[in-house]
J.: 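Dropping the structure in here first, questions after.
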Amino acid sequence: MTYDFDLLVIGAGSGGVRCARIAAGHGARVGVVESRHWGGTCVNLGCVPKKLMVMASDYADMVEDSHNFGWSTSPGTHDWATLIAAKDREITRLNGIYVTMLEKAGITLLTGHAQFVDGHTLRITPSPLAPSEQPRTVTAERIVIATGSTPTKLDIPGAELAITSDQAFGLPKRPERVVMIGSGYIGIEFAGIFAGLGSRVDLVYRRDLPLRGFDEDMRTALADAIEARGITQHRHANPVSITQNGPELVLTLDNGQAITADCVFMATGRRPKIDALGLANTSITTAENGRIQVNAESETTHRGIYAIGDVTDRINLTPVAIAEGHNLADRLYGKAPPRQWCYATTPKAVFFSPPVATVGLTEDEAAQNGAVDIYLTRFTPMRYTLAGRVRKTVMKLVVEQQSQKVVGVHILGDEAPEMLQAVAIAITAELTKADFDRTIGIHPTSAEELVTMRTRTRETPEASK
Ligand code: NDP
């Protein structure tokens with residue numbers, strides 16, 4: 001049997017593009033099918049535009065803080081349309097880079113919506129990216145599903161009145177009053193963006209602290225930082241309904257409270273984009289949460305069909321999707337052993353102002369394996385002592401008591417993601433507290449605290465199992 005391609009990748013997001021490029025570099029005949037936008041969620045509706053908007057939202061505080069440094073600046077006004085247009089120009093530039101990159105790698109670009117006919121055949125039909133394209137059928141020896149995920153909404157009356165992150169990137173104007181539902185990555189980041197740009201923000205979440213899954217000290221520090229940014233937190237609250245009241249929206253909570261706003265934003269998780277893939281024509285199975293099940297080799301339950309990135313039940317982060325795609329292409333077509341990554345020490349960052357970044361185990365997770373030593377420091381960075389701003393940095397080392405290995409590092413503070421990326425190497429290399437201690441600091445920085453925390457803050461005994 002001869003096929004049109006050795007490998008067809010469905011989805012030109014971070015994971016799909018890396019997989020396609022590496023496979024083509026190994027000599028495979030590769031095609032990539034994309035229905036919406038080159039570069040996928042990260043470039044178009046995720047990491048990249050989000051980070052640009054976080055940067056935009058930081059300027060107001062910077063202007064205010066500059067006064068104690070001798071600058072006479074006035075607050076100024078923010079023009080939302082200028083920001084969105086600049087962001088869109090940057091994305092269009094990146095879309096072009098993705099297309100060029102794929103073409104230069106000798107990859108065939110197929111625009112349209114792909115649906116499985118069988119395990120080797122895809123039917124490609126017109127999609128928003130190629131509305132007038134003729135339907136066609138293509139075959140491949142192997143197929144990779146890299147279609148990513150899409151935001152979900154809570155199933156409550158009036159949910160259709162709420163936006164998700166997909167719409168937030170292109171709103172015609174900045175809403176003056178925003179209610180954010182959800183305190184995960186997206187909820188926290190966009191609450192910070194809108195607050196920084198001048199909106200009144202109410203953050204609604206169902207726990208006692210935001211950012212479930214992160215270290216408790218960081219969650220507490222973040223709750224304080226959210227308050228310091230002027231955001232109102234509604235804890236232990238569940239949305240019941242959204243109603244339209246003239247030009248306004250009213251979100252009602254299960255505690256009876258009603259919040260009036262111009263925009264209700266649901267940041268309540270994402271689900272895999274698999275609905276229209278025709279998976280019924282394959283033997284692919286999904287997990288209870290709807291994500292495609294794969295084995296350690298990224299192969300689905302249908303032989304020869306693979307899945308990478310957010311569509312699978314693994315860590316849903318761009319760099320992980322890239323690693324999965326790269327590793328898969330190396331394994332399928334490479335001559336040398338495939339490049340490997342350590343997923344257990346995947347660093348994570350939430351781009352609030354100030355951001356939170358983390359690598360390794362939380363204190364609670366580490367205590368499951370035995371007693372731990374905790375080193376914790378909380379301070380006001382130099383910039384804010386002079387500026388007179390309440391903006392703390394919190395740093396925490398979680399050290400396995402017996403081996404003295406540093407198994408977790410957690411930071412809330414300016415440049416935390418930049419610091420953590422470097423620290424993650426030390427955690428992956430399983431370095432000890434003594435290794436941190438014998439490293440000379442850079443003065444004056446916040447990061448030097450990582451190597452100067454001498455006194456143990458507390459000892460946490462092994463958690464009872
Ligand atoms: P998250 O899973 O991070 O957060 C979802 C939020 O919605 C949580 O606060 C959750 O509460 C809440 N929620 C879920 N269901 C309900 C419900 N029925 N009622 C009330 N609250 C509910 O999802 P996001 O949408 O924020 O982000 C999706 C994913 O995208 C992230 O997990 C991450 O993988 C990725 N991402 C990464 C970013 C980064 O790396 N900086 C940035 C943005 C996204 P609870 O915690 O109580 O369950």
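Order of appearance sets the numbers: ligands from 1, and atoms from 1 within every ligand. Residues: numbered from 1 along the sequence shown.
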J.: Can you tell me which portion of T318 lies within the under-4.0 Å heavy-atom range of ligand 1? Options are side chain, backbone, both, or neither.
T.: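 Looking at T318 and ligand 1, no heavy atom falls under 4.0 Å.
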J.: Which part of L154 is near ligand 1, with near meaning a heavy atom under 4.0 Å away: side chain, backbone, both or neither?
T.: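 The answer is the side chain of L154.
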J.: Keeping T300 on the side-chain end and I284 on the backbone end, is there a donor-acceptor pair under 3.5 Å?
T.: no
J.: Regarding atom 25 (O) of ligand 1: of the candidates A237, A357, G269, which has the closest heavy atom?
T.: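 It is G269 whose heavy atom sits nearest to atom 25 (O) of ligand 1.
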J.: Please check whether F351 reaches ligand 1 - meaning an N/O of the residue sits under 3.5 Å from an N/O of the ligand, judged on distance alone.
T.: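 N/O-N/O distance under 3.5 Å: no.
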J.: Could you check whether any heavy atom of K50 sits closer than 4.0 Å to an atom of ligand 1, since that is the contact criterion I want to use?
T.: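 It does, in that a heavy atom of K50 comes within the 4.0 Å cut-off of ligand 1.
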J.: Any chance the side chains of R36 and N44 put a donor and an acceptor closer than 3.5 Å?
T.: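 Their side chains do not contain a donor-acceptor pair, so the 3.5 Å distance test is not met.
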J.: State which residues pass side chain to side chain contact (heavy atoms under 4.5 Å, CB included) with V240; sequence neighbours excluded, sorted by chain then number.
T.: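 With neighbours one apart ignored, the set is D254.
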J.: Sequence neighbours left out, what passes salt bridge (Lys or Arg N to Asp or Glu O under 4.0 Å) with E418? Give chain and number order.
T.: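 For E418, no residue satisfies salt bridge (Lys or Arg N to Asp or Glu O under 4.0 Å) once neighbours in sequence are set aside.
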J.: Between K348 and ligand 1, find which residue part has any heavy-atom pair under 4.0 Å and reply side chain, backbone, both or neither.
T.: neither
J.: Indicate whether any N or O donor in one side chain lies under 3.5 Å from an N or O acceptor in the other, for R177 and T260.
T.: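 Side chains of R177 and T260: no pair found under 3.5 Å.
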J.: Step through the shown structure and confirm whether more than 12 heavy atoms of other residues, nucleotides or ligands are within 6.0 Å of CZ on R314.
T.: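 More than 12 heavy atoms, drawn from other residues, nucleotides or ligands, come within 6.0 Å of this atom.
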J.: Report the nearest protein non-hydrogen atom to atom 43 (C) of ligand 1: residue, atom name, distance rounded to 0.1 Å.
T.: I186 CG1, 3.4 Å
J.: Any ion pair linking E299 and R331 (charged N to carboxylate O, less than 4.0 Å)?
T.: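 A salt bridge is absent here (no side-chain N lies under 4.0 Å from a carboxylate O).
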J.: Considering the heavy atoms of N316, write down every atom of ligand 1 situated less than 4.0 Å from one of them.
T.: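 Near N316, the atoms of ligand 1 are 33 (C), 34 (O), 35 (C).
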J.: Identify which of E189, R270, R206, K153 has a heavy atom lying nearest to atom 16 (C) of ligand 1.
T.: R206
J.: Does NZ or CZ of K50 lie under 6.0 Å from the centre of the six-membered ring of F351, at an angle within 45° of the ring axis?
T.: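 No, cation not above the ring by the 6.0 Å, 45° rule.
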J.: Closest by any non-hydrogen atom to atom 12 (C) of ligand 1: pick that one out of G182, G184, P347.
T.: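 Result: the heavy atom closest to atom 12 (C) of ligand 1 is in G182.
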J.: Report the part of S183 (side chain from C-beta onward, or backbone N, CA, C, O) that has a heavy atom under 4.0 Å from ligand 1; answer both or neither where that applies.
T.: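 The part of S183 near ligand 1 is both the backbone and the side chain.
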J.: Between A349 and ligand 1, which residue portion shows a heavy-atom distance shorter than 4.0 Å: side chain, backbone, both, or neither?
T.: backbone
